[in-house]
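All chains are named by letter (A, B, ...) in the order of the sequence lines, taking the proteins before the strands, and each is independently numbered beginning at 1.
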There are 2 protein chains.
Amino acid sequence: MSTAKKISASSARERILEVATDLFYRQGYRATGINEVIDKSGVAKATFYNHFPSKDELYEASLNILSENELRYVDDGINAATEPRERFLSVLKWLKPWATETNFRGCAFLHAATEVPNAESKIRKVGTRLYDSIRSRVERLAKELVSSDQAYQHLDAKKLASDYMVAFAGAVSQAEIYHAVWPIEQAIETIERLIGE
Amino acid sequence: MSTAKKISASSARERILEVATDLFYRQGYRATGINEVIDKSGVAKATFYNHFPSKDELYEASLNILSENELRYVDDGINAATEPRERFLSVLKWLKPWATETNFRGCAFLHAATEVPNAESKIRKVGTRLYDSIRSRVERLAKELVSSDQAYQHLDAKKLASDYMVAFAGAVSQAEIYHAVWPIEQAIETIERLIGE
DNA sequence: TCAAAACTAGACAGACCTGTCTGTATGTTC
DNA sequence: GAACATACAGACAGGTCTGTCTAGTTTTGA
């Protein structure tokens, strides 16, 4: 298989994925028809069904893309900070610029939980896997924080990570409900209160 | 208008509302057809459209019912407790039995935010109004708590209420994502840590 | 008793949905 | 230049959706 062939093949697939990810997030999964995805991707229907066996599989693929992107942003945010405290808080703070975007509509994986009631479906697993990944990063940063300074030694890193995840999820869902940024600022303050300002 | 007429008229309406509230919550709004609501309510299509001008208006009415019920449960939980600390924690603790129900699928108003992207729509306002109502109760209970005992006097009631709402929302959304109860228990612990165990 | 109101069943319009299929065009590989 | 993969356009089947409408029946209230 030549390189040119590969590029051309994957570019159709990627165009579909890009369009679908955007439409599913903005309009919702059920509210978006496959025909709209096809039209906006500029591909033929047969081409689409050549790449994805069904709409559901497209949804799953698009959520996987989103999940990878989100984790990358999280990691970039962590790595951009140097101090343990800032590294720890970066996961929450990263939410703020995201929520300020006009496109912000909350967590795509919570949307998936709404639109796909079956919690055992592969689509739903993408969400739990992502939250697990975020949690493991937060636990690592919490340990890092606790052992970084005397001032934090009274904290239990594991419990702190749990608190953090509760605040993280609460921030995102309240930001969606109110379509506002202030819940995220409040969640940051909550965590700051827990670790001491 | 006689009482009998009122009862008969409202019983068809109430049957529709009951069925719709259940189906919309369990299956989702878009995933539920008006025909299914009509069949399961045992009413004629014309009767349905006599009571509700559109599916959207039915959704709004059903969310309003849910909102009233939820507030009633919250208030009952508060009133069942006597100690300020228990009254304060009751709003969070009430989530546990709810999440244990087989039907539990998270917050119906967050679902509405997913399925109705327009944050300015009347449907969405039902959710923000409910969360505002819960917050005002939590603020009242936080003040009550802070002034109840020396041990709580270092706390800022307003900020505590904000923390509480973040934890509350985080608990519900994580419980939905993971389809589990432990996020609620974690949120309770988070708040207990904030006020001192 | 009788008119008005509310109910029943269900056909129907018109739009949308997913997924299949036919047939053609293009470009690469051997 | 034959074989192949991949792309294209778009008709089509078979089903769903919301909302309208006709027509007949029951209930209600004065």
Side-chain angles (χ1 to χ4, degrees), chain A residues 1-21 23-24 26-63 112 114-118 121-123, chain B residues 1-21 23-24 26-63 112 114-118 121-123:
Chain A
M1 247 195 259
S2 86
T3 317
K5 201 176 182 179
K6 247 188 194 160
I7 283 172
S8 142
S10 69
S11 107
R13 190 176 200 274
E14 275 165 18
R15 237 180 314 146
I16 294 168
L17 269 175
E18 205 170 310
V19 168
T21 304
L23 291 179
F24 288 164
R26 278 186 13 237
Q27 308 179 340
Y29 175 58
R30 298 195 86 103
T32 303
I34 220 67
N35 292 323
E36 191 180 358
V37 174
I38 284 162
D39 289 349
K40 298 224 164 102
S41 314
V43 302
K45 208 162 200 178
T47 304
F48 168 76
Y49 278 101
N50 211 36
H51 286 290
F52 300 96
S54 70
K55 193 190 174 189
D56 265 23
E57 301 249 4
L58 171 63
Y59 192 29
E60 195 193 330
S62 116
L63 288 175
T114 296
E115 302 217 67
V116 182
N118 175 16
S121 87
K122 283 163 75 188
I123 288 169
Chain B
M1 245 196 260
S2 87
T3 317
K5 198 176 180 179
K6 249 186 189 161
I7 283 173
S8 145
S10 69
S11 109
R13 192 175 198 273
E14 274 164 18
R15 236 179 316 147
I16 294 168
L17 269 175
E18 206 171 307
V19 168
T21 305
L23 292 178
F24 288 164
R26 279 190 8 240
Q27 309 179 338
Y29 175 58
R30 298 195 85 103
T32 303
I34 219 69
N35 292 323
E36 191 181 358
V37 174
I38 284 162
D39 289 349
K40 298 223 163 105
S41 315
V43 301
K45 208 162 198 178
T47 305
F48 168 75
Y49 278 102
N50 212 34
H51 285 291
F52 300 95
S54 71
K55 193 190 175 190
D56 266 22
E57 300 249 4
L58 171 64
Y59 193 29
E60 195 194 329
S62 116
L63 288 176
T114 296
E115 301 217 67
V116 181
N118 175 15
S121 86
K122 282 163 76 187
I123 288 169

Of the listed nucleotides ([options]), which one gets closest to any side-chain atom of [X]?
X: N50(B); options: dC21(D), dC8(D), dA6(C); result: dA6(C)
X: Y49(A); options: dA9(C), dT18(D), dG19(C); result: dG19(C)
X: A44(A); options: dA9(D), dT8(C), dT18(D); result: dA9(D)

Hey, are the side chains of [X] and [Y] touching, using non-hydrogen atoms and a 4.5 Å cut-off?
X: I38(A); Y: V19(A); value: no
X: K45(B); Y: N35(B); value: yes
X: Y29(A); Y: K55(A); value: yes

What's the [atom1]-[atom2] distance between [X] and [N], to the nearest Å?
X: D39(A); N: dA9(D); atom1: CG; atom2: C1'; answer: 11 Å
X: L58(A); N: dG19(C); atom1: CG; atom2: C1'; answer: 14 Å
X: I16(A); N: dC8(D); atom1: CD1; atom2: C1'; answer: 13 Å
X: K55(A); N: dT16(D); atom1: NZ; atom2: P; answer: 16 Å
X: F52(A); N: dT20(C); atom1: CZ; atom2: C1'; answer: 18 Å
X: E14(A); N: dA7(D); atom1: CD; atom2: P; answer: 12 Å
X: D56(A); N: dC17(C); atom1: CG; atom2: P; answer: 16 Å
X: F48(A); N: dG10(D); atom1: CZ; atom2: P; answer: 19 Å

Under 4.0 Å between a side-chain N or O of H51(A) and OP1 or OP2 of dA7(D)?
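Yes, H51(A) has a side-chain N/O under 4.0 Å of OP1/OP2 on dA7(D).
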So, is T47(B) close to the dA6(C) phosphate, meaning a side-chain N or O under 4.0 Å from OP1 or OP2?
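Negative; the distance criterion is not met.
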Closest heavy-atom contact between Q27(A) and P117(B)?
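So the two residues come closest at O-CG, 3.9 Å.
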DNA chain C: 5'-proximal contact among R30(A) and A46(A) (nearest heavy atom)
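Residue closer to the 5' terminus by nearest nucleotide: R30(A).
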Please work out which of the three classes, parallel, tilted or perpendicular, describes the rings of F24(A) and Y59(A), given edges at 30° and 60°.
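Correct class here is perpendicular.
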Does the base of dG19(C) carry an N or O that pairs as donor and acceptor with the side chain of K45(A) under 3.5 Å?
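For K45(A), whose side chain was compared with the base of dG19(C), there is a donor-acceptor pair (under 3.5 Å).
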